[in-house]
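What follows is a structure written as structure tokens; I'll ask about it next.
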Amino acid sequence: MKVDVLLGLQWGDEGKGKVVDVLTPHYDVIARFQGGPNAGHTLEFEGQKYVLRSIPSGIFQGDKINIIGNGVVLDPALFMDEAKALEASGHALKERLHISKKAHLILPTHRILDRAYEAAKGKGKVGTTGKGIGPTYTDKVSRNGLRVGDILNRFEAKYAQTKARHEAILKSLDFEYDITDAEKTWFEGIEYMKQFRLVDSEHEIDHLLKQGKTVLCEGAQGTMLDVDFGSYPFVTSSNTVCAGACTGLGVSPHAIGDVFGIIKAYCTRVGAGPFPTELFDATGRKIRDLGHEYGAVTGRERRCGWIDLVALKYAVMINGVTKLIMMKSDVLDDFETIKACIAYKMPDGEEVEYFPFEIEGVEPVYVEMPGWKADLSRMTNEDEFPEEFNAYISFLEEELETPIQIISVGPDRAQTIVRYQD
Ligand code: GDP
Ligand code: IMO
Ligand code: MG
């Protein structure tokens, strides 16, 4: 049996939560492999809207197993909030949600460190989500981290040692903070987590695969936020690309099957950093308004622009995308002209079609196409698509040399058009 991977190809918020929810009936297991509560994955169905942070988006459908893998960083306090809210809304999860003992813990001081490092960067700040993601992964890589499995054995001493180390750093940065309340809730979260099955996700997935079960890995963030291949240093601190599913769950590369690449019909970004196709005009504002482009958790305004095929070709290549899924097509329903970036003009005037080392200061080279001026959100079958929208789909498929299997025409689970099944 194969493990399929679903991930964002842009700067996050492509609509991963919605698609995972739509695809969940075809899988037995849904697993998160990286990131943490910096993610906000939105799902809408039956008139309800949910935003998930650390819990996989398969949690709403049937008796699927949901796994939080070793590559994830988990904040016990936020996890408890999220899990309790789901339980209160009638979605039992204790039996269905398993957590890797090797996932790293975000401490209250990690969140403070995140803020302190951002403040120290001044104008060069990344615009992080402030959830302690960078400092937690830093501790992991520098072999100082605390893991979920640690909570089962002499945890207080390990915690105190790590906290003391963080406090020394914060003192050296002269950063004021108070974690008294946060720490109390955090320890409640630690106790709460003990009710869940704490597992070795690598063994569990291997076992499930041998039983013939199917697994869908749910990425967080997007390829352009990958710590190696994204717009460094304006990135997150994990490998968001397909390879992250292998290291973040303990899955062999041989086991990877389909790689679903999620794209918006345009492009957005939150936080700082280069964004070649960003629109600063009325068109950008129109996309933001029509697409409700505000952070799912923070409410931060998302920067909006046209689709960037230079970056997308790079993302398709790195991830080995086998199928594309296009989201938010309906947001472009009312535009006379649609643009797509097919090359970058470098600061020295040279035009390139490959994704260069530095994208700061590049200018997009566009092709223009007529808009479709029709209400896609009511359509239920691709036979209803207007000619201009079909032309946009074909253009993207040709440029990216990958078929678009699913088209999303609205936020609801039902507003999804599957063009073909294998
Ligand atoms: P994720 O982080 O990739 O899961 O994406 P987010 O949930 O942060 O952002 C996607 C937003 O777009 C959410 O508010 C979704 O409800 C919404 N959305 C998803 N698909 C569509 C779509 O096809 N059309 C419209 N209009 N909204 C969509
Ligand atoms: P989902 O899974 C969009 C961005 C932040 C910041 C940078 C680093 O919902 O697509 P971090 O807190 O990770 O250290 O912030 O990454 N970022 C996201 N942008 N969607 C996300 O997640 C993001 N997670 C982090 O805005 O620029
Ligand atoms: Mg999001």
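Order of listing sets the numbers, starting from 1, for every ligand and every atom in it.
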Just to check, does His41 reach to within less than 4.0 Å of ligand 2 when the distance is taken from its heavy atoms?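 Yes, His41 has a heavy atom closer than 4.0 Å to ligand 2.
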Output the list of atoms in ligand 2 that are nearer than 4.0 Å to some heavy atom of Arg300, sorted by atom number.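 So the answer, numbered in order with elements, is 5 (C), 26 (O).
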State whether Tyr192 and Lys84 meet the cation-pi test: NZ (Lys) or CZ (Arg) under 6.0 Å from the six-membered ring centroid, and within 45° of the perpendicular axis.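 Yes.
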For the pair Thr129 (side chain) and Asn38 (backbone), establish whether a donor and an acceptor sit closer than 3.5 Å, ignoring hydrogens and angles. no
Protein heavy atom at shortest distance from atom 20 (N) of ligand 2: Asp13 OD1, 3.1 Å
With atoms numbered from 1 as shown, which atoms in ligand 2 lie under 4.0 angstrom from a non-hydrogen atom of Ala220?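 With Ala220 as reference, the close atoms of ligand 2 come out as 2 (O).
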Can we call the ring centroids of Tyr159 and Phe187 under 6.0 Å apart? yes
Have a look at Val270, Ile133, Thr236 and point out the one with the heavy atom closest to atom 13 (O) of ligand 2. Thr236
Atoms of type N/O/S from protein, distance to the Mg ion (ligand 3) below 2.8 Å: 2
Contact atoms of ligand 1, heavy-atom distance to Met327 under 4.0 Å: 20 (N)
Using non-hydrogen atoms of the residue, decide whether Arg269 is closer than 4.0 angstrom to ligand 2. no
Are Asp226 and Tyr232 linked by a side-chain donor-acceptor pair shorter than 3.5 Å?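 No donor-acceptor contact under 3.5 Å links the two side chains.
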Quick one: which ligand 1 atoms are inside 4.0 Å of a heavy atom on Gly410?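 In order of number, 20 (N), 21 (C), 22 (C), 23 (O), 24 (N), 25 (C).
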Per-atom contacts, ligand 2 versus Ala39 - under 4.0 Å to a heavy atom: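 Atoms satisfying the 4.0 Å criterion: 1 (P), 2 (O), 9 (O), 22 (O).
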Are any of the side-chain nitrogens in Arg269 or Glu293 under 4.0 Å away from the carboxylate oxygens of its partner?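 Glu293 and Arg269: not salt-bridged.
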Near-ring test Tyr50/His41, centroid separation under 6.0 angstrom: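 Not close enough - the centres of the two rings lie 6.0 Å or further apart.
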Mark the output for His292 as yes if a heavy-atom distance to ligand 1 is under 4.0 Å, and as no if none is.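 No.
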So that I can tick it off, tell me whether Glu382 and Arg419 are bridged by a salt bridge, with the cut-off set at under 4.0 angstrom between side-chain N and carboxylate O.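 Looking at Arg419 and Glu382, the cut-off is met.
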At less than 4.0 angstrom from any non-hydrogen atom of Gly271, what atoms of ligand 2 do you find?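 This gives 27 (O) as the contact atoms.
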Ion pair check, Glu167 and Lys171, cut-off under 4.0 Å: no
Shortest protein contact, atom 7 (O) of ligand 1 (heavy atom only):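 Of the protein heavy atoms, Thr42 OG1, 2.5 Å lies nearest.
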If hydrogens are left out, which of Gly40, Pro233, Gly127 has an atom nearest to atom 6 (C) of ligand 2, that is, the closest non-hydrogen atom?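 Among Gly40, Pro233, Gly127, the closest heavy atom to atom 6 (C) of ligand 2 comes from Gly127.
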Part of Lys16 with heavy atoms under 4.0 Å of ligand 2, whether side chain, backbone, both or neither: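 Answer for Lys16: side chain.
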Below 4.0 angstrom, N of the basic side chain to O of the carboxylate: do Asp75 and Arg53 qualify? no
Atoms in ligand 1 with a heavy atom of Val331 nearer than 4.0 Å: 26 (N)
Is the closest N or O pair between Thr128 and ligand 2 shorter than 3.5 Å? no
Glu44: numbered ligand 1 atoms lying under 4.0 Å from its heavy atoms: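 Taking each heavy atom of Glu44 in turn, ligand 1 has 16 (O) under 4.0 Å.
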Identify whether the distance between the nearest side-chain nitrogen and carboxylate oxygen of Asp139 and Arg165 falls below 4.0 Å.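 Counted as a salt bridge, because a side-chain N and a carboxylate O are separated by less than 4.0 Å.
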Short N-O contact, Asp13 and Arg302, less than 4.0 angstrom: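 Salt bridge between Asp13 and Arg302, a charged N being under 4.0 Å from a carboxylate O: yes.
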So, does Gly40 sit close enough to ligand 1 that a heavy atom of it is under 4.0 Å from the ligand?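 Flag set, Gly40 near ligand 1.
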Got the closest protein heavy atom to atom 11 (C) of ligand 1, with its distance? Lys328 NZ, 3.5 Å
Pick one: which of Tyr344, Tyr314, Trp11, Tyr266 meets side-chain hydrogen bond (donor to acceptor under 3.5 Å, both in side chains) with Asp308?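 Checked Tyr344, Tyr314, Trp11, Tyr266 against Asp308; only one passes side-chain hydrogen bond (donor to acceptor under 3.5 Å, both in side chains): Tyr344.
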List ligand 1 atoms under 4.0 Å from Lys18, heavy atoms only on the residue side.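 Within the 4.0 Å cut-off of Lys18, ligand 1 contributes 20 (N).
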Taken in chain and number order and not counting sequence neighbours, the residues that satisfy side-chain hydrogen bond (donor to acceptor under 3.5 Å, both in side chains) with Asp63 are none
Near Trp11, which atoms of ligand 2 are under 4.0 Å from a heavy atom of that residue? 3 (C), 19 (N)
Proximal ligand 2 atoms for Val235, defined as those under 4.0 Å from one of its heavy atoms: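 Going through ligand 2 atom by atom, the ones under 4.0 Å from Val235 are 7 (C), 8 (C).
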Can you tell me if CG on Asn381 sees more than 12 non-hydrogen neighbours from other groups inside 6.0 Å? yes
Using a 4.0 Å cutoff against the non-hydrogen atoms of Gly17, which atoms of ligand 1 qualify? 4 (O)
Would you call Glu183-Lys163 a salt bridge at under 4.0 Å N-O? yes
Option whose closest heavy atom lies nearest to atom 12 (O) of ligand 2, chosen from Leu7, Leu52, Thr129: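 Of the listed residues, Thr129 has the closest heavy atom.
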Below the 3.5 angstrom mark, is there an N/O of Ser237, backbone or side chain, next to an N/O of ligand 2?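 By distance alone, the answer is no.
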Close approach, Arg302 and ligand 1, non-hydrogen under 4.0 angstrom: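 It does, in that a heavy atom of Arg302 comes within the 4.0 Å cut-off of ligand 1.
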His91/Phe60 aromatic ring centres below 6.0 Å: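 Under 6.0 Å, so yes.
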Run down the list Val73, Val297, Leu225 and name the one with the heavy atom closest to atom 4 (C) of ligand 2.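 When every heavy atom of Val73, Val297, Leu225 is considered, Leu225 comes closest to atom 4 (C) of ligand 2.
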When you check the gap from the basic side-chain N to the acidic O, do Lys313 and Glu399 get nearer than 4.0 Å?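 So Lys313 pairs with Glu399 through a salt bridge.
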Closer than 4.0 angstrom, basic N to acidic O: yes or no for Glu388 and Lys373? no
Nearest to atom 23 (C) of ligand 2 by heavy atom, Lys125, Glu218, Gln221: which?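 Shortest heavy-atom distance from atom 23 (C) of ligand 2: Gln221.
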Is it true that Arg378 and Asp375 make a salt bridge, defined as a side-chain N closer than 4.0 Å to a carboxylate O? yes
Number the atoms of ligand 1 from 1 as they appear, then name those within less than 4.0 Å of a heavy atom of Ser408, with their elements. 20 (N), 21 (C), 22 (C), 23 (O)
Run the numbers on Lys64 and Thr24 for side-chain contact (heavy atoms from CB on, under 4.5 Å), then give the verdict. CA-CA 8 Å; Lys64 311 291 176 185; Thr24 293; 3.7 Å; yes
